[in-house]
Asks: 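To start, I am sharing the structure in question, which I have written as structure tokens.
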Amino acid sequence: LIADEIPINPIPADAVSLQRGEILYHIHCALCHGETGHGDGPLARYFARLPANLAGSQSAAEYDALAYLAVFQGFGQMPSLAENLTVREQWEGI
């Protein structure tokens, strides 16, 4: 990606967005990525490749833009959630 194409999170990390993000994560992500984001959710064992460890240092360093793109476009075995979430929810859920 060209630097101008990397999305920047437009949602400030305030108490409301963090609470909404936690709720959205538990609804849409925890089944595969696990309650704490380690890729160990109850459905993880059914995938040929384990879901990403979202709690790892690499994920933290590149998190917002790459996580948003994965949620919006899908990645590997992960489907796009663009049909299920508004753009704001996509950012809040990461």
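From a predicted model like this one, the values you see are computed outputs, not experimental measurements.
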Asks: Would you mind listing every salt bridge (Lys or Arg N to Asp or Glu O under 4.0 Å) that reaches into residues 72-91, with sequence neighbours excluded?
Replies: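 Output for this query lists R88-E92.
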Asks: According to salt bridge (Lys or Arg N to Asp or Glu O under 4.0 Å), does anything in residues 23-47 pair up with another residue at least two apart or in another chain? List the pairs.
Replies: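 Non-adjacent pairs meeting salt bridge (Lys or Arg N to Asp or Glu O under 4.0 Å): zero.
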Asks: A quick test of your reading: do over 12 heavy atoms of other residues, nucleotides or ligands sit less than 6.0 Å from CZ of F72?
Replies: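 Check fails, neighbour count at 12 or below.
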Asks: Are M78 and L43 connected, step by step, through hydrophobic side chains (Ile, Leu, Val, Met, Phe, Trp, Tyr) whose heavy atoms are closer than 4.5 Å?
Replies: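 The answer is no; the residues belong to distinct hydrophobic clusters.
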Asks: Nearest 0.5 Å, please: how far is CG in L24 from OG1 in T86?
Replies: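 Here the interatomic distance stands at 8.0 Å.
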Asks: Work out which heavy atom in A30 is nearest to a heavy atom in P42; give both atom names and the distance.
Replies: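 So the minimum-distance heavy-atom pair works out to O-CD, 4.0 Å.
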Asks: What is the minimum heavy-atom distance between G39 and A44, and which atoms define it?
Replies: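 Heavy atoms of G39 and A44 come nearest at O-CB, 3.4 Å.
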Asks: Under the 3.5 angstrom rule, does the side chain of H33 hit a backbone N or O of A52 as a donor-acceptor pair?
Replies: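 Side chain of H33 to backbone of A52: a pair is present.
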Asks: Check A65 against P7 and note the closest heavy-atom contact, atom names and distance.
Replies: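 A65 and P7 have their closest heavy atoms at CB-O, 3.4 Å.
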Asks: Rounded to the nearest 0.5 Å, what separation is found between the OH atom of Y46 and the CD atom of Q77?
Replies: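 So the OH of Y46 and the CD of Q77 are separated by 14.5 Å.
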Asks: If you apply the rule side-chain contact (heavy atoms from CB on, under 4.5 Å), what do you find for I8 with Y68, and how did you get there?
Replies: CA-CA 9 Å; I8 296 173; Y68 172 79; over 6 Å; no
Asks: Between atom CD of Q73 and atom CD of Q90, what is the distance when rounded to the nearest 0.5 Å?
Replies: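 If we round to the nearest 0.5 Å, Q73:CD and Q90:CD are 10.0 Å apart.
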Asks: Rounded to the nearest 0.5 Å, what separation is found between the CG atom of L69 and the CZ atom of F75?
Replies: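 So the CG of L69 and the CZ of F75 are separated by 10.5 Å.
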Asks: Return the CG to NE2 distance between L85 and H28, rounded to the nearest 0.5 Å.
Replies: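 Here the rounded value is 4.5 Å.
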Asks: Considering only heavy atoms from C-beta outward, does the side chain of W91 approach that of S17 to under 4.5 Å?
Replies: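 When only atoms from C-beta onward are counted, S17 and W91 do not touch, as no gap falls below 4.5 Å.
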Asks: For F47, look at atom CZ and say whether over 12 heavy atoms of other residues, nucleotides or ligands are found less than 6.0 Å away.
Replies: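 For F47, atom CZ is crowded (more than 12 foreign heavy atoms under 6.0 Å).
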Asks: Could you tell me the separation between the CD1 atom of I11 and the CG atom of L18, rounded to the nearest 0.5 Å?
Replies: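 The CG atom of L18 is 11.5 Å from CD1 of I11, to the nearest 0.5 Å.
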